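To find a chain, count down the sequence lines: A is the first, B the second, and so on, and within it residues start at 1. Keep in mind that this is a model prediction, so the values were computed, not measured.
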There are 2 protein chains.
Amino acid sequence: MRHPASPPPATSLSPTPDLRRRRKDARPAELAAAALRLFVDKGYTATRLDDVAAAAGVSKGTLYLYYPGKEALFRAVIEEGMVAALSLAEHEVAAFRGSTADLLHALLIGWWERIGGTPLAGVTKLIISESRNFPEVAQYYREQVLDRGRALVRATIARGIAEGEFRPLDVDAAVDIVIAPLLLLAVSRFSLPLATGSIAPEAYLETHFELLVNGLKRS
Amino acid sequence: MRHPASPPPATSLSPTPDLRRRRKDARPAELAAAALRLFVDKGYTATRLDDVAAAAGVSKGTLYLYYPGKEALFRAVIEEGMVAALSLAEHEVAAFRGSTADLLHALLIGWWERIGGTPLAGVTKLIISESRNFPEVAQYYREQVLDRGRALVRATIARGIAEGEFRPLDVDAAVDIVIAPLLLLAVSRFSLPLATGSIAPEAYLETHFELLVNGLKRS
DNA sequence: CTGTAGTGACTGACCAGTCAGTAATATATG
DNA sequence: CATATATTACTGACTGGTCAGTCACTACAG
């Protein structure tokens with residue numbers, strides 16, 4: 001066959017008005033988005049580049065015009081989006097005026113709105129699954145996402161202790177206790193049976209917050 | 001080559017005295033243990049059965065004498081060990097006399113000793129990574145491990161509330177908040193960069209416990 | 001010499017990566 | 001403006017390597 005179907009007809013519904021062909025600038029992001037979905041769903045090794053290309057509406061050859069190989073596509077998927085969300089949160093924390101409990105609450109909600117509730121949450125599962133196979137990517141993620149996120153929570157807890165709102169405790173361990181339910185929530189969205197089977201994410205986060213401030217504050 | 005090295009000589013150090021050949025009864029467990037290690041480390045799809053067999057000290061043909069295929073090996077890896085640990089915990093909880101806080105503490109420590117600190121913890125990462133590709137296995141794990149573990153924690157929290165030791169709250173959400181740091185700790189052992197980079201698991205669990213009881217108890 | 005545990009070369013399917021070719025757009029020419 | 005030519009985005013058949021699963025065989029045990 002020459003054409004899959006027909007050259008000009010009904011361009012279906014797509015984000016941009018779309019000319020169906022020749023869209024050099026939009027391709028990389030479309031391919032990365034398709035790859036994220038498939039990598040998270042099936043795993044890196046089990047995902048075929050033919051499927052990624054098809055999901056982005058192009059052929060495999062086109063994929064290789066924009067990415068030199070499968071691993072480069074993986075890197076692009078990880079190194080995208082998350083960092084921007086982090087920078088925003090860092091500014092918000094620095095500018096925040098109010099109780100530390102309110103700041104902690106804002107952090108949890110902000111995480112859900114900008115990461116946990118978006119396709120970006122899938123990156124968490126991807127890193128868990130593949131970090132051993134891609135040590136350099138894992139290190140990048142650790143430095144640029146995890147460490148910065150942890151520093152944010154750490155600063156928040158330290159602020160609460162300094163102002164006498166929270167009682168003194170092992171801050172480093174506490175940071176991970178704060179973060180753990182978030183990561184679990186992110187992962188469970190892409191791994192059916194893990195936790196919060198039926199509970200609404202918002203209620204789950206509220207309970208987490210409530211337990212935290214009660215556990216953190218001076219008695 | 002006929003033999004990897006030599007037939008009778010120094011059988012290295014292995015659990016059983018070992019006769020090197022003809023050990024029909026020990027093979028399945030050895031193969032499953034080797035498979036767990038490799039599946040957790042590299043992922044299911046990226047693990048070659050040749051490597052699993054070699055790690056268990058046999059050839060690939062032998063693997064097929066004991067398991068009908070790769071997926072059956074995966075099932076065996078998941079459906080083994082975890083359930084026994086759960087039954088034990090269920091009996092301990094039923095027989096426990098003492099404060100609910102102490103019971104919660106015993107649950108956390110018991111989990112670490114029987115699951116979190118053992119190779120069994122890798123099953124958690126495996127389920128996270130592969131549940132989408134094996135829905136039936138995921139459902140088995142959910143019913144036989146997750147739901148029963150969650151019921152255990154749920155009963156503990158309910159006990160605390162009934163006896164006036166804990167304040168009333170959303171029990172279902174609280175259960176997942178209790179479990180989340182455990183799962184994260186298990187996963188981080190096999191996914192380098194996730195959390196508790198340097199913190200000792202015991203200290204981490206103690207902080208978790210301390211935060212929990214402070215957050216749970218009546219103020 | 002019979003049964004059973006174990007072997008490893010083989011095969012067929014699958015897939016990452018390639019490349020010669022096709023078709024859409026841009027530019028040059030009469 | 002029509003037509004030729006150059007450029008660029010895109011395609012999909014093909015290849016080479018990999019690996020799950022098979023099976024004819026070996027060797028040990030009783």
Can you say whether the rings of A:Phe39 and A:Tyr44 are parallel (under 30°), tilted (30 to 60°) or perpendicular (over 60°)?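 Tilted: the ring planes of A:Phe39 and A:Tyr44 meet at 30° to 60°.
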If you compare every side-chain N and O of [X] against the phosphate oxygens of [N] (OP1, OP2), does one of them come in below 4.0 Å?
| X | N | result |
| --- | --- | --- |
| A:Tyr66 | D:dC10 | yes |
| B:Ser59 | C:dG8 | no |
| A:Thr62 | D:dA9 | no |
| B:Arg23 | C:dG6 | no |

Can you tell me the distance, in whole Å, between the [atom1] atom of [X] and the [atom2] atom of [N]?
| X | N | atom1 | atom2 | value |
| --- | --- | --- | --- | --- |
| B:Asp50 | D:dG17 | CG | P | 18 Å |
| A:Lys24 | C:dT25 | NZ | C1' | 14 Å |
| A:Leu65 | D:dG12 | CG | C1' | 13 Å |
| B:Glu30 | C:dA5 | CD | P | 15 Å |
| B:Leu73 | D:dG21 | CG | P | 10 Å |
| B:Lys60 | C:dA9 | NZ | C1' | 10 Å |
| B:Leu49 | D:dG21 | CG | P | 6 Å |
| A:Arg48 | C:dG17 | CZ | P | 15 Å |

Judged by atom type as modelled, is there a donor-acceptor pair below 3.5 Å linking the side chain of A:Lys60 to the main-chain atoms of A:Val52?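 No; zero donor-acceptor contacts below 3.5 Å.
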By the 4.0 Å heavy-atom rule, please label A:Thr47 as base, sugar-phosphate, or nothing.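 Sugar-phosphate, backbone atoms only, no base.
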Reckon B:Tyr67 touches a base, only the sugar-phosphate, or nothing at all at heavy-atom distances under 4.0 Å?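 Here B:Tyr67 touches no strand at all.
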Nucleotide of C:dA16, D:dT11, D:dT22 approaching B:Tyr64 most closely (side-chain heavy atoms):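 From the listed options, D:dT22 comes nearest.
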Closest to side chain of A:Val58, choosing from D:dG21, D:dT11, C:dG17: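 When the side chain of A:Val58 is considered, D:dT11 is the closest of D:dG21, D:dT11, C:dG17.
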Donor on one side chain, acceptor on other, B:Ser129 and A:Ser129, under 3.5 Å: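 Side-chain D/A pair, B:Ser129 to A:Ser129: present.
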Pair A:Arg142-A:Ser131, side-chain donor/acceptor within less than 3.5 Å: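 Checked: A:Arg142/A:Ser131 side chains show no N/O donor-acceptor pair below 3.5 Å.
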Kindly indicate whether the side chain of B:Trp111, heavy atoms from C-beta on, has any atom under 4.5 Å from the side chain of B:Leu185.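 When only atoms from C-beta onward are counted, B:Leu185 and B:Trp111 do touch, with a gap below 4.5 Å.
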